[in-house]
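This report concerns only the one structure given below.
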Amino acid sequence: MSNDFKAVILAAGQGTRMKSKVPKVLHKIIDKPMVDYVIDESIKAGASDICVIVGHQSAMVKAMIGDRVKFGLQTEQLGTGHAVMQAGDFLKGGKAVAVLCGDTPLIRAETLQKLAQKHNSEGNDVTVVSMILDEPFGYGRVIRSGESFDKIVEQKDANDEEKACKEVNTGVYIFDGDKLLDAFDKLTNNNSQGEYYLTDTLEIIKNNGGKVGIMVAEDADEFLGVNSKLQLGEAAQIMKRRINAYHMLNGVTLQDPENTYIGKDVKIGADTLILPGCYIEGNTEIGEDCIIGPNSRITSSKINNCVTVQNSTMIDAFVDNYTTVGPYAYLRPNSKIGEHVRIGDFVEIKNSSIDDGTKVSHLTYVGDSDVGKCVNFGCGTVTVNYDGKNKFRCKIGDNVFIGCNTNLVAPVEVGDHAYTAAGSTITNDVPGDSLAIARSRQENKEGWRVRRNK
Ligand code: UD1
Ligand code: CA
């Protein structure tokens, strides 16, 4: 039997309890907004179609999510049931429509698949995922009569007996779309919050003669609902441990996993060692046998094998095999670094390519430049790439020796095997094999102090 399902993801609420200007589902866990995790897992579980319900600051939420899903708009936040109503035709004819919340980022694809399977094999009209909590405060309680589903009562509407119930609603369900649409006809906002609760539709479906199933979650962590910054921190901690465990089981060494932050989409090869204090994010890919850290930030970069990165930052950069970066280097977007290159301390590279075997050892800025193989940069070199209006490129050939404290005023080209003298400001092209000296000659005025003091 096919376990196809569609998904509606609720993301219209403001999240008052977050006490933030930013809409709740956009708060990040490591490097991605919460709602992205829910979308990713839905796609991974095989959701054939996804509709995200937006409302509060909808333009901002839509822009962050992008165009990989459909959107429904809830202009007024009148409750979770009202939110799902806005999906409208998306629900029609759907035998299995999952409803998920944008604020439960720890949900796993495998669990969604299990839920879809149970829903189909039991022939349910709705299947809700419940969990057992020692401290159920804040969640809706799943009230049973005998073993079967009776109703869900929200925290604010529960009496003392109901409040004592430890089985709670995770906020994850699969509905028969048409049965849900029928239930909406009878849904009221007759409760302590004056909201249209999605949770009430389960009782309505039951009373309409429908079949309500319950799947008790094995791992309650997956359904932690993030309503406050405290819960955001808890969810981030769980996600971090989950991601780090995955890499360690793949053969990556994390010296201090509690103090290592790796985004969910990052790939790392076996026998790479990550030292404490690293923040590795975006779609970064790191190869095998690298040593990264301590204290490095690597964003959406590709690092090949046997690379060392120490106390450095890189963004949208590429680093090839056997290269060392840092300490205290900054590789900015579109830096392409070859093999066996040395990028040393206080070096900044931007929008430049540095070919194999080149050494940029200290205190140097290389911007908008194409640098050949086996070039040696003296300390304090600056590519002067900006005249206040436009940017220009420098081209440096193979085996060039750039003397200390050289300014290369772009656009300028230095030919293969050329030298620049220390302290030169190079404004004209330097032909290959030549030495460029661009500084005034030293003059010693002997006995000058004695004459002045007379
Ligand atoms: C909800 C459930 C509760 C469950 C809990 C699990 C209801 C009535 N209650 O409570 O039983 O235990 O989740 O985490 O469903 N949203 C909208 N539009 C609205 C209201 C909410 O899109 O009008 C969205 C929010 O952005 C959020 C999600 O729905 O992503 C859940 O809303 P929230 O207010 O957090 O519900 P809870 O009080 O947590
Ligand atoms: Ca919630």
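One-based numbering, in listed order, for ligands and for the atoms of each. Worth saying up front: this structure is predicted, and the values here are computed from it rather than measured.
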query: Mind checking whether D103 has a heavy atom under 4.0 Å from ligand 1?
result: yes
message: Is there a side-chain contact between K350 and N385 in this structure, where contact means two heavy atoms from C-beta onward sitting under 4.5 Å apart?
response: yes
message: If the contact criterion is a heavy-atom separation under 4.0 Å, does T199 count as touching ligand 1?
response: yes
- prompt: Does the N or O separation between A12 and ligand 1 drop below 3.5 Å for any pair?
  reply: yes
message: Keeping S335 on the side-chain end and I349 on the backbone end, is there a donor-acceptor pair under 3.5 Å?
response: yes
message: Using a plain distance cutoff, I'd like to know if G171 has any nitrogen or oxygen under 3.5 Å from a nitrogen or oxygen of ligand 1.
response: no
Greater than 12 external heavy atoms within 6.0 Å of Y322's OH: no
query: Can you list the atoms of ligand 1 that are under 4.0 Å from a heavy atom of G102?
result: 30 (O)
statement: of all protein heavy atoms, closest to atom 28 (C) of ligand 1 is C101 SG, 3.7 Å
- request: Kindly confirm or rule out an N or O of N169 lying under 3.5 angstrom from an N or O of ligand 1.
  value: yes
task: Identify the two heavy atoms, one from S301 and one from D316, that lie closest to each other, and give their separation to 0.1 Å.
output: OG-N, 3.3 Å
- line: side chain to side chain donor-acceptor pair (under 3.5 Å) test vs S300 passes for just one of D265, N283, D31, namely N283
message: Show the atoms of ligand 1 that are less than 4.0 angstrom away from any heavy atom in L78.
response: 23 (O)
field: OD1 (N227) - the Ca ion (ligand 2) - OD2 (D103) angle, nearest 10°
entry: 80°
task: With the side chain counted from C-beta on, respond yes when L232 and I29 share a heavy-atom pair under 4.5 Å apart, and no when they do not.
output: yes
- prompt: Y37 and side-chain contact (heavy atoms from CB on, under 4.5 Å): which partner among L106, I30, T104?
  reply: I30
query: Should you measure from each heavy atom of N227, which atoms of ligand 1 turn up under 4.0 Å away?
result: 35 (O), 39 (O)
field: atom 17 (C) of ligand 1 protein-contacted (non-hydrogen atom, under 4.0 angstrom)
entry: yes
- request: Flag the pair L91 / F175 as yes when at least one side-chain heavy-atom distance between them is below 4.5 Å, and no otherwise.
  value: no
query: Under 3.5 Å between some N or O of ligand 1 and some N or O of G140?
result: yes
- request: Could you check if a side-chain atom of E154 sits within less than 4.5 angstrom of a side-chain atom of S192, using non-hydrogen atoms only?
  value: no
query: Has the side chain of S312 got a donor or acceptor atom that lies under 3.5 Å from a matching backbone atom of Q310?
result: yes
query: Which atoms of ligand 1 sit under 4.0 Å from any heavy atom of K24?
result: 35 (O)
message: Students should be able to answer this: which protein heavy-atom is nearest to atom 29 (O) of ligand 1, and at what distance?
response: L10 CB, 3.4 Å
message: Pairs of nitrogen or oxygen atoms closer than 3.5 Å, one from Q74 and one from ligand 1: do any exist?
response: yes
query: Which atoms of ligand 1 sit under 4.0 Å from any heavy atom of T170?
result: 6 (C), 14 (O)
query: For atom 36 (O) of ligand 1, is the nearest protein heavy atom under 4.0 Å away?
result: no
message: Between ligand 1 and Y197, is the shortest N or O to N or O distance under 3.5 Å?
response: no
- prompt: Which atoms form the tightest heavy-atom contact between D103 and V25, and what is the distance?
  reply: N-CG1, 4.2 Å
- prompt: Looking only at N/O atoms, are F223 and ligand 1 under 3.5 Å apart anywhere?
  reply: no
message: I'd like to know if atom 26 (O) of ligand 1 has any protein heavy atom within a distance of less than 4.0 Å.
response: yes
- prompt: Going by the atom numbers of ligand 1, which of them fall below 4.0 Å from some non-hydrogen atom of Y139?
  reply: 6 (C), 12 (O), 14 (O)
- prompt: When you measure from the side chain of N321 to the backbone N and O of E339, does any donor-acceptor pair fall under 3.5 Å?
  reply: no
query: For ligand 1, which atoms have a heavy atom of A83 less than 4.0 angstrom away?
result: 17 (C), 18 (N), 22 (O)
- prompt: Under the 3.5 angstrom rule, does the side chain of E41 hit a backbone N or O of A109 as a donor-acceptor pair?
  reply: yes
- request: Decide side-chain hydrogen bond (donor to acceptor under 3.5 Å, both in side chains) for E122 and T127; before the verdict, give the C-alpha distance in whole Å, the side-chain angles of both, and the deciding distance to 0.1 Å.
  value: CA-CA 9 Å; E122 292 181 359; T127 314; 5.5 Å; no
field: Numbering as shown, the atoms of ligand 1 that approach Q77 to under 4.0 Å (heavy-atom distance)
entry: 23 (O)
query: Who's the nearest protein heavy-atom neighbour of atom 32 (O) of ligand 1, and how far?
result: T80 CG2, 3.8 Å
- prompt: Does Y328 OH have over 12 foreign heavy atoms under 6.0 Å away?
  reply: no
- prompt: Out of E154, R17, Q193, K156, who gets a non-hydrogen atom closest to atom 38 (O) of ligand 1?
  reply: R17
- request: Inspect the surroundings of NZ in K114 and state if more than 12 heavy atoms from other residues, nucleotides or ligands are less than 6.0 Å away.
  value: no
Whether G55 lies under 4.0 Å from ligand 1, heavy atom: no
- request: Please confirm if an N, O or S atom belonging to T104, backbone or side chain, lies less than 3.0 Å from the Ca ion (ligand 2).
  value: no
